[in-house]
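Since the structure comes first, as structure tokens, the remarks are kept for the end.
Predicted model, so just to flag it, every value in this text is computed and none were measured.
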Amino acid sequence: MDSSAYSSFARGSFSSSIGDSSELEANLPLKDRLKGFKSSKYDIDSYVTSKCQTMSEKEIKVLCSYLIELKKASAEEMRKSVYANYGAFIRTSREISDLEGELLSLRNHLSTQAALIHGLAEGTSIESLSGDIEDSTLDHSSNETSEHPNTDEWLVEFLDDLEVLLVEKRMDEALAALDEGEQIAEGSNRRRALSTPALSTLQTAIRNQRQKLACLLEQTISQPSTRGVELRSAAQALKKLGDGSRAHMLLLSSHQQKLQRSLQSFRSSSNSGGGIYTAAISQFVFSTIAQAASDSLAVFGEEPAYASELVTWSVRQTDGFAVFLKRYVIASSAAVGSVRIAAECVQICMGHCSLLEARGLALTPVLFRHFRPFIENAITANLRRIEQTSAALAAADDWLLAYSPVASRLFPRSSSTSSLATVVSQPKLSRSAHRFNTMVQEFVEDMGSIESLQLDALTLEGVLQVFNSYINLLITALPSSVENEMNLEGSATKIVRLAETEAQQIALLANASLLADELIPRAATKLFPQNRTETPRKTAERQSRVPEQREWKRRLQRSVDRLRDSFCRQHALELIFTEEGDTRVNAQMYLSMDGNGNPEEPEWFPSQIFQALFAKLTRIASMATEMFVGRERFATVLLMRLTETVILWLSEDQAFWEEVEEGPRPLGPFGLQQFYLDMEFVILFSSQGRYLSRNLHQVIKNIIARAIDSLASTGTDPYSALPEDDWFAEVAQIAIKMLTGKANFGNVDREATSPTASVSAKSISSVHSHGSN
């Protein structure tokens, strides 16, 4: 159930449970409906109880789940809103801090001006502290005199002590003394306990010392040697002085300087690449960012202005780190197509970065933005390397299937049953196909380690691209392929060793089918490992990609179909045409059987081209049995498509049918019978080989019907001229046995009434001569 459906269901359950009262309330104006929420006596629990009394436990659970989802969505929306307005938050917070400082200065200035105006209004100097204060304040036992100074000597002593604290950098004591002095100044100003000059001197001194203390705190925070508790204490003290924005900026700047010095040190080190080097840098960078976040939280809490500034600072540092890593580590690896090193570096950084999410710092998108283009370049370079290597190996491949050289070394010839089983389980491919498979497996495995970059679609498309390129090489290896002719003409740059024999050409198909059916899809599963714990969101994303994966596998099969179609087209042309370009299937071979007068009945046997088709299909089936172990379906489809190619050519040969249907010599009964026999022969051996498709059977029936119509157009009843269907089946069956060497010629004296009595010894010998050829 998606979120919208779930929300609708929850709202429906909730509304149905409220009853008629809520329907009445719904008709009220919005202002009246909100009165209950504005009341000071509003109670959430009682409100929910009153609304949900009639709800069942299941409906209440559904409502609670719906409210929790709303809370999560609201929190996520707030988080996105805050992240989207970092700059505005920071500018506003700084302006507020500056405004607070100006208001504080203005307040002090107004206090000073008020004291001066008050003195001028009286027209006389205000007496010293000892003259104004009553005699009772001189009593040393009084608490009032113990809390406030009563002489100007205290001011001198106070300023001296404050100076000493600042010189000795006793920041906490100096800050406490300044706070005490401000309280005394404020109290004296209110009760006129100090003379105006003394009060002005105290206020000026406090203001100057505060500025001096702030400078000392800034210097302390900026010192490279300041760490840990001392750093946080200095920032806390500067914040208490009223300059929190400056304190937070200096705190982050201290960590930034630490990062810069360390990155410079890493850059100057001799080790400039690899996982260990990247891990050391990444761990240091993100641990420093984590420490900065901890210091900021400890000193400034979760105030939005400081939190936003922290996030912005963290993003900036992550940007700098990503640029550093790209320039000095990943760029060189990506340039040469070494996906493994680049993927390892990215995986390490992503792992360290994800640990900061618990602190509210989601910096993974920053790395994603920087690393994805470089990894894409590495993917492109790696795919180009796979294509170039495959083309180089195809130029020297003998197109013979064998086990992987690695498997042969690991499991030498042995009588051990387990060793033999292990070797047999290995795929049999040609040398270039073995290397191609190894490169693709390594490439996909490297890409599967950086799932966080969401490059699975690009990786699968790249694998499909290099597979299409390899299929093009296999097509070029076919002697009569169009692609090979283009290569010979110079329009292509790849040189591929030709597969001259039928066994080599079938090996091309074995390479393609095994790669597309098993090996490459098995490699693709590394991009979607199923044995790890997945969140519901990742599970939903994986399920949404299932149709795309199915389409990807279908595209693999379409590439194999191109190779198979080229193979079938080549062998069909070899059957249909001679080396001189003449066709072996023409109308005269059927029209000439019915000459002038009463010709003698011919020796009934399938035509030579269909004998050759049967022989070729038998050879291919025998070789495919050995090469397509476990993939018999592909071998069956191959035989089916090759047969269809020949028959479809005959069905669509306009010259053949124009001569049969409109030529000067019409098709006679013997010609129709021979044509019918040829087609039934094709149906029989295709059916026995289990590669008679519905399409092939229908096409044959259509062309038989067309030939029958051609004879009927001459006024002859075709059905009276044709024997029964059993006759065609028996003659075709005997022909198959004779062509395969399984016929029994011991009983030469056959009955004269046998439908195959016309198959003479002469036709038998001719069949053997065709088979040997």
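Interatomic distance, Ile471 CD1 to Leu515 CG, rounded to the nearest 0.5 Å: 7.5 Å. Atom CE of Met350 and atom CZ of Phe371 lie 6.5 Å apart (nearest 0.5 Å). Note that OG1 of Thr318 is 4.0 Å distant from CD1 of Ile289, once rounded to the nearest 0.5 Å. Rounding to the nearest 0.5 angstrom, the gap separating the OG atom in Ser262 from the CD1 atom in Ile281 is 10.0 Å. In this structure, Ser296 OG and Gln291 CD are separated by 11.5 Å, a value rounded to the nearest 0.5 Å. Rounding to the nearest 0.5 angstrom, the gap separating the OG atom in Ser559 from the CG atom in Asn472 is 8.0 Å.
Shown here for Leu460 and Ala524, the closest heavy-atom pair between the two residues is CD2-CB, 3.8 Å. Considering all non-hydrogen atoms of both residues, Cys349 and Ser282 come closest at CA-OG, 3.5 Å. The shortest non-hydrogen separation linking Leu361 to Ala293 is CD1-CB, 4.1 Å. Residues Thr364 and Cys353 come closest through the heavy atom pair N-SG, 3.4 Å. Minimum heavy-atom separation, Ala279 to His352: O-CE1, 3.6 Å. The minimum heavy-atom distance between Ala292 and Leu252, with the atom names listed, is CB-CD2, 4.3 Å.
Judged as a ring-ring contact (aromatic ring centres under 6.0 Å, His included), and not counting sequence neighbours, the contacts of Phe286 are Phe321. Among residues two or more places apart in sequence or in another chain, the side chain to side chain donor-acceptor pair (under 3.5 Å) test is passed with Thr288 by none. For Leu67, the side-chain contact (heavy atoms from CB on, under 4.5 Å) test picks out Leu63, Leu70, with sequence neighbours left out. Taking the side-chain contact (heavy atoms from CB on, under 4.5 Å) definition, one finds that Met249 meets it with Arg246, Glu309, sequence neighbours left out. In this structure Arg522 satisfies the side chain to side chain donor-acceptor pair (under 3.5 Å) test with no other residue, sequence neighbours excluded. Residues satisfying the side-chain contact (heavy atoms from CB on, under 4.5 Å) criterion with Ile68, sequence neighbours excluded, are Lys72. In this structure Gln260 satisfies the side chain to side chain donor-acceptor pair (under 3.5 Å) test with no other residue, sequence neighbours excluded. Residues satisfying the side-chain contact (heavy atoms from CB on, under 4.5 Å) test with Pro304, not counting sequence neighbours, are none. Judged as a side chain to side chain donor-acceptor pair (under 3.5 Å), and not counting sequence neighbours, Ser254 has no contacts.
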- request: Please step through side-chain contact (heavy atoms from CB on, under 4.5 Å) for the pair Ser390 and Val466, ending with a clear verdict.
  value: CA-CA 9 Å; Ser390 301; Val466 295; over 6 Å; no
message: Working note: Leu263 + Val285, criterion side-chain contact (heavy atoms from CB on, under 4.5 Å); need CA distance, chi angles, decisive distance, verdict.
response: CA-CA 9 Å; Leu263 288 178; Val285 169; 4.1 Å; yes
field: Phe436 and Ile520: CA distance, side-chain angles, deciding distance, side-chain contact (heavy atoms from CB on, under 4.5 Å) verdict
entry: CA-CA 10 Å; Phe436 176 81; Ile520 293 182; 4.0 Å; yes
field: Chi angles and distances behind the side-chain contact (heavy atoms from CB on, under 4.5 Å) call for Val440, Phe467
entry: CA-CA 9 Å; Val440 170; Phe467 181 71; over 6 Å; no
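A heavy-atom distance below 4.5 Å is not found between the side chains of Tyr470 and Glu387. Side-chain contact between Arg372 and Leu367 is absent, with no heavy-atom pair separated by less than 4.5 Å.
Panel note: side chain Ser354, backbone Gly351; a donor-acceptor pair is recorded below 3.5 Å. With hydrogens and angles disregarded, no donor-acceptor distance shorter than 3.5 Å links the side chain of Ser469 to the backbone of Gln465. Judged purely by atom type and a 3.5 angstrom limit, Trp552 has no side-chain atom pairing as donor or acceptor with the backbone of Glu461.
The pair Arg555-Glu551 does not meet the salt-bridge criterion, since no charged nitrogen lies less than 4.0 angstrom from a carboxylate oxygen.
Listed by first then second residue, pairs satisfying ring-ring contact (aromatic ring centres under 6.0 Å, His included) with a partner in residues 230-252 read His248-Phe300, His248-Tyr306, not counting sequence neighbours. Sequence neighbours left out, the pairs with a member in residues 293-304 that pass salt bridge (Lys or Arg N to Asp or Glu O under 4.0 Å) are Arg232-Asp295, Lys239-Glu303. Applying the salt bridge (Lys or Arg N to Asp or Glu O under 4.0 Å) rule to pairs touching residues 251-264 yields nothing, sequence neighbours excluded.
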